[in-house]
Amino acid sequence: ASNETYVIPRGGWIEVKVTGALEDRKDFVAELRLTRVDKGGGGVDQRERILVRDGGFVAEKIEPGRYDVALASGRLIASPVRVEVAAGAGAIAELTLRNGGGFRVTVTNSYGLPVDPATGDVELVTESGGVQRAGLVVSRGGVFETEGLTAGTYRLSVRAPGYVPK
């Protein structure tokens with residue numbers, strides 16, 4: 001018999017304090033966005049609907065690592081805050097909800113007819129010229145709509161069955 005030793009990292013947690021718009025509401029639903037930004041994460045987003053109570057919440061069982069933490073509720077969004085989560089320990093993030101922006105794009109074919117269905121990859125162009133995945137949108141009747149975006153420059157890459165990108 002083999003005596004293998006396995007190390008299972010204990011999860012940490014993130015205590016989040018929420019200020020800004022909606023402060024006057026005791027409870028509200030929001031989408032928590034965690035993006036792992038250290039070498040082990042590969043920039044993968046985790047999204048979870050959560051209930052914000054009395055201006056905060058705690059996200060538990062978070063794998064140790066470095067994360068960008070953001071929050072969105074309808075057209076309101078909090079810009080990402082970077083935290084370090086250690087095994088068996090907590091990190092604190094203070095997020096401020098503000099009105100976010102959005103865009104509406106109509107996609108048509110060469111005859112002017114709406115392209116439906118179509119999928120769009122939304123990317124934020126960073127100050128250094130790189131890109132960061134910001135989301136995925138699906139058209140309805142050839143129209144893409146987004147909301148809750150932080151200020152910045154975005155790129156939308158569209159794909160649809162039977163069409164070749166230009």
Side-chain angles (χ1 to χ4, degrees), residues 8-106 117-128 130-158:
I8 301 173
R10 290 180 32 204
W13 62 91
I14 303 171
E15 294 178 41
V16 181
K17 179 181 178 187
V18 181
T19 59
L22 295 181
E23 270 185 296
D24 56 330
R25 291 181 53 194
K26 186 174 172 121
D27 302 337
F28 61 92
V29 175
E31 180 183 72
L32 172 65
R33 299 174 186 171
L34 291 178
T35 304
R36 181 94 184 256
V37 294
D38 58 10
K39 63 181 177 181
V44 176
D45 282 339
Q46 296 175 344
R47 296 171 184 246
E48 188 75 33
R49 292 191 67 75
I50 53 96
L51 177 62
V52 177
R53 292 201 129 153
D54 297 323
F57 64 93
V58 177
E60 299 177 320
K61 299 180 182 174
I62 307 294
E63 185 177 321
R66 191 172 306 121
Y67 294 86
D68 282 345
V69 181
L71 193 67
S73 184
R75 294 191 68 81
L76 300 172
I77 189 161
S79 296
V81 172
R82 187 151 296 168
V83 297
E84 182 84 28
V85 176
I92 296 173
E94 293 188 18
L95 301 175
T96 303
L97 283 171
R98 294 186 173 91
N99 283 320
F103 61 81
R104 177 182 171 100
V105 175
T106 302
T119 304
D121 293 307
V122 181
E123 297 174 316
L124 173 64
V125 179
T126 64
E127 290 179 12
S128 64
V131 292
Q132 180 180 13
R133 186 171 189 273
L136 178 75
V137 290
V138 178
S139 70
R140 293 202 173 135
V143 177
F144 290 104
E145 288 188 83
T146 65
E147 60 180 23
L149 297 175
T150 57
T153 301
Y154 290 84
R155 181 169 65 193
L156 175 66
S157 301
V158 177

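For the single chain, residues carry numbers from 1 onward in sequence order.
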>> Any side-chain to backbone donor/acceptor pair from T96 onto T19? Under 3.5 Å, distance only.
In response: no
> Between the side chain of T146 and the main-chain N/O of F103, is any donor-acceptor distance below 3.5 Å?
Replying inline: yes
Looking at every heavy atom in both [X] and [Y], which two are closest together, and how far apart are they?
X: L97; Y: L71; result: CD2-O, 3.9 Å
X: G65; Y: D38; result: CA-OD2, 3.1 Å
X: F144; Y: V137; result: CD2-CG2, 3.2 Å
X: P117; Y: S139; result: C-OG, 3.9 Å
X: E60; Y: W13; result: CA-CB, 4.1 Å
X: V58; Y: E15; result: CG2-CG, 4.0 Å

> Should we count CZ of R53 as having more than 12 external heavy atoms under 6.0 Å?
Replying inline: no
For residues 151-158, tabulate all N or O donor-acceptor pairs below 3.5 Å that involve a side-chain atom, not counting sequence neighbours.
unit_1 : atom_1 : unit_2 : atom_2 : d
Y154   : OH     : T150   : N      : 3.4
Y154   : OH     : T150   : O      : 2.8
Y154   : OH     : T150   : OG1    : 3.3
R155   : NE     : E123   : OE1    : 3.0
R155   : NH2    : E123   : OE1    : 2.8

> Side-chain contact, heavy-atom cut-off 4.5 Å: I50 with V29?
Replying inline: no
Give the table of side-chain donor-acceptor pairs shorter than 3.5 Å for residues 74-92, with sequence neighbours excluded, one pair per line with atom names and distance.
unit_1 : atom_1 : unit_2 : atom_2 : d
R82    : NE     : D68    : OD1    : 2.8
R82    : NH2    : D68    : OD1    : 3.2
R82    : NH2    : D68    : OD2    : 3.1
E84    : OE1    : R66    : NE     : 3.1

>> Let me confirm one number: the NZ-CD1 distance from K61 to I14, rounded to the nearest 0.5 Å.
In response: 15.0 Å
>> Using 0.5 Å steps for rounding, measure from the CZ atom of R47 to the OG1 atom of T35.
In response: 7.0 Å
